[in-house]
Amino acid sequence: MTIQTDTEQQRADDFMGYGDNLAPAERETLASLRRLMRQVDDGELASAWERAEFPFRLIAPLAEHGLLGQHIQDEDERSHLLRGLMTAELARKDASLATFTGVSGGLFGISIRRFGSSDQKQEILPLIASGEIVGGFGLTEPASGSDIAGGITTTATPCPDGWILTGEKRWIGNATWCDRVVVWAKQAGSTDRFLGFVVPTDSPGFTAVKIEGKYSLRSVQNAHITLDGVRVPDTARLPAVHSFRQVSEVLKLTRLEVGWAALGNSLGAFDAALAHARSHEQFGRPIARFQLVQDLLVRAEGNIASSLGLLSQASRLADEDRLGEEQASLAKLVAASRARDTVSLCREILGGDGILLTNKAVKHFMDAEAFYTFEGTHQINSLIVGRALTGVSAFT
């Protein structure tokens, strides 16, 4: 791995040099984000994570660095590799921040960009990119996650002045305090018409209750949403959405982003482990000099480098509009599963200190669990890849 001198410690970045594929201007954009992240106090982020509160003051600087709008601007402005590396750098500092941007600018923003009307795009996208409003993505339900395509129970019933939305959503990020949520629903009386609506969170009948007792990505506010006859005009409907196929298009790109976030979370754990190995002494010398500790570091680095290679190639395919659902799923499932292993290896290097929040490894350890599960479980993503390999669906 290329080791770069930093004011705090040497940083492990890109062992195989995938970042060399960035254009010079893109490298400076990434370097600027790294400088911003160094200015953010780790103690502030750890305290917010421990209290399960979001650090709202960081929304403005994230917006200024383009992190809330990087998935909704013109496709030729930033490569998917740069977008991925920026997501990873954000998760390296704090995985909750990366998840927040992935929901508001990613899941919500991409839905508007791809399927919204001209008026919706002109009104909403600039506000999302600037951080003036925050979005959520209401797909998962209490009884339907992996089978949401066929198991959705939230309904949209036509009425003279628009639509009436009825149902429940669960695990919806940002939803306790965001301004608008894209709500996905089945048209009442139809078996296959899938619709999307941009719903203001202050709408009568819309309630969002924070899910308590969550011990991964604690700074992200996940909610249980109830839609009790929420009325929206037809102008709230995403006009280009007619089936679950459109939802899959959004998930394909955000699944790749989750893979990048899982990688960044691994890098954060690796940073903590490497710094500890260099500074912590046992038997009169730094533990980095012990063979077994070096083995743990190399195994972690192997996970990071291989995940980075897979994600970089998937990002190149996305730049060429050749990324398939199965390729995004493979990149996500590998990055997320290897992240799980990486954070465990890194936490082990810190010994007893590894379970202290001040040493950061345990936060990365816990956050890895969420990346392993959301945007498709490991098993569901495996079945998507398996279907592509065999030509046979094993979902049912």
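Looking only at atom types and distance, the side chain of Arg218 has no donor-acceptor partner in the side chain of Ser96 under 3.5 Å away. Remark: the Arg316 side chain and the Ser312 side chain contain no N/O donor-acceptor pair separated by less than 3.5 Å.
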Run the side-chain donor-acceptor check on residues 368-376: report pairs under 3.5 Å with partners two or more places apart or on a different chain.
unit_1: Glu369; atom_1: OE1; unit_2: Arg340; atom_2: NH2; d: 3.0
unit_1: Glu369; atom_1: OE2; unit_2: Arg340; atom_2: NE; d: 2.8
unit_1: Thr373; atom_1: OG1; unit_2: Glu369; atom_2: O; d: 3.2
unit_1: Glu375; atom_1: OE1; unit_2: Thr254; atom_2: OG1; d: 3.4
unit_1: Glu375; atom_1: OE2; unit_2: Thr254; atom_2: OG1; d: 3.0

Would you tabulate the side-chain donor-acceptor contacts of residues 98-106 under 3.5 Å, counting partners in other chains and residues two or more places apart, or write 'none'?
unit_1: Thr99; atom_1: OG1; unit_2: Ala95; atom_2: O; d: 2.9
unit_1: Thr101; atom_1: OG1; unit_2: Ala98; atom_2: O; d: 2.9
unit_1: Ser104; atom_1: OG; unit_2: Gly135; atom_2: N; d: 3.0

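Leu357 belongs to a hydrophobic cluster with Trp49, Tyr215, Val343, Val362, Phe365, Met366, counting contacts under 4.5 Å between side-chain heavy atoms of Ile, Leu, Val, Met, Phe, Trp and Tyr, direct or through other members. Alongside Val334, the hydrophobic cluster contains Leu310, Leu330, Leu333, Val385, Leu389 (criterion: ILVMFWY side chains under 4.5 Å). Ile211 belongs to a hydrophobic cluster whose remaining members, ordered by chain and number, are Trp171; membership requires side-chain heavy atoms of ILVMFWY residues under 4.5 Å apart, directly or through intermediates. Annotation for Val298: hydrophobic cluster partners, listed by chain and number, are none (ILVMFWY side-chain heavy atoms under 4.5 Å, direct or chained).
Salt bridge status for Glu281 with Arg289: absent, with no side-chain N to carboxylate O gap under 4.0 Å. Salt bridge annotation for Glu44-Arg57: present, with a cationic side-chain nitrogen under 4.0 angstrom from a carboxylate oxygen. Under the 4.0 Å criterion applied to side-chain N and carboxylate O atoms, Lys252 and Glu257 are not assigned as salt-bridge partners.
Considering every non-hydrogen atom in both Thr155 and Ala188, the closest pair reads CB-CB, 4.4 Å.
The salt bridge (Lys or Arg N to Asp or Glu O under 4.0 Å) pairs that include a residue from residues 152-174 are Glu141-Lys169, Asp161-Arg231, where partners are two or more places apart or lie in different chains. Legend: salt bridge (Lys or Arg N to Asp or Glu O under 4.0 Å) pairs involving residues 191-215, not counting sequence neighbours: none detected.
The CG atom of Asn222 lies 8.5 Å from the OG1 atom of Thr176; values are rounded to the nearest 0.5 Å. The distance from the CE atom of Met86 to the NE2 atom of His65 is 7.5 Å, given to the nearest 0.5 Å. Put simply, CZ on Arg113 and CG on Leu238 are 14.5 Å apart, with the number rounded to the nearest 0.5 Å. Taking CZ from Arg34 and OG from Ser32, the interatomic distance works out to 11.5 Å, rounded to the nearest 0.5 Å.
Residues meeting the side chain to side chain contact (heavy atoms under 4.5 Å, CB included) test with Glu26, sequence neighbours left out: Leu22, Ala23, Ser79, Leu82. For Arg299, the salt bridge (charged side-chain N to carboxylate O under 4.0 Å, His left out) partners are Asp295, not counting sequence neighbours. The salt bridge (charged side-chain N to carboxylate O under 4.0 Å, His left out) search around Glu325 returns Arg387, not counting sequence neighbours. Residues forming a side chain to side chain contact (heavy atoms under 4.5 Å, CB included) with Asp341 (at least two apart in sequence, or on another chain): Asn303, Leu345.
The backbone N or O of Ala261 lies less than 3.5 Å from no partner atom in the side chain of Asn265, so there is not a single donor-acceptor pair. At distances below 3.5 Å, not a single donor-acceptor pair connects side-chain atoms of Ser203 with backbone N or O atoms of Val199.
Taking the six-membered ring for Trp, Trp184 and Phe197 have ring centres at least 6.0 Å apart. The ring of Phe244 has its center closer than 6.0 angstrom to the ring center of Phe194.
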* Carefully, step by step, assess Lys360 and Asp271 under the rule salt bridge (Lys or Arg N to Asp or Glu O under 4.0 Å). => CA-CA 9 Å; Lys360 298 184 287 187; Asp271 288 341; over 6 Å; no
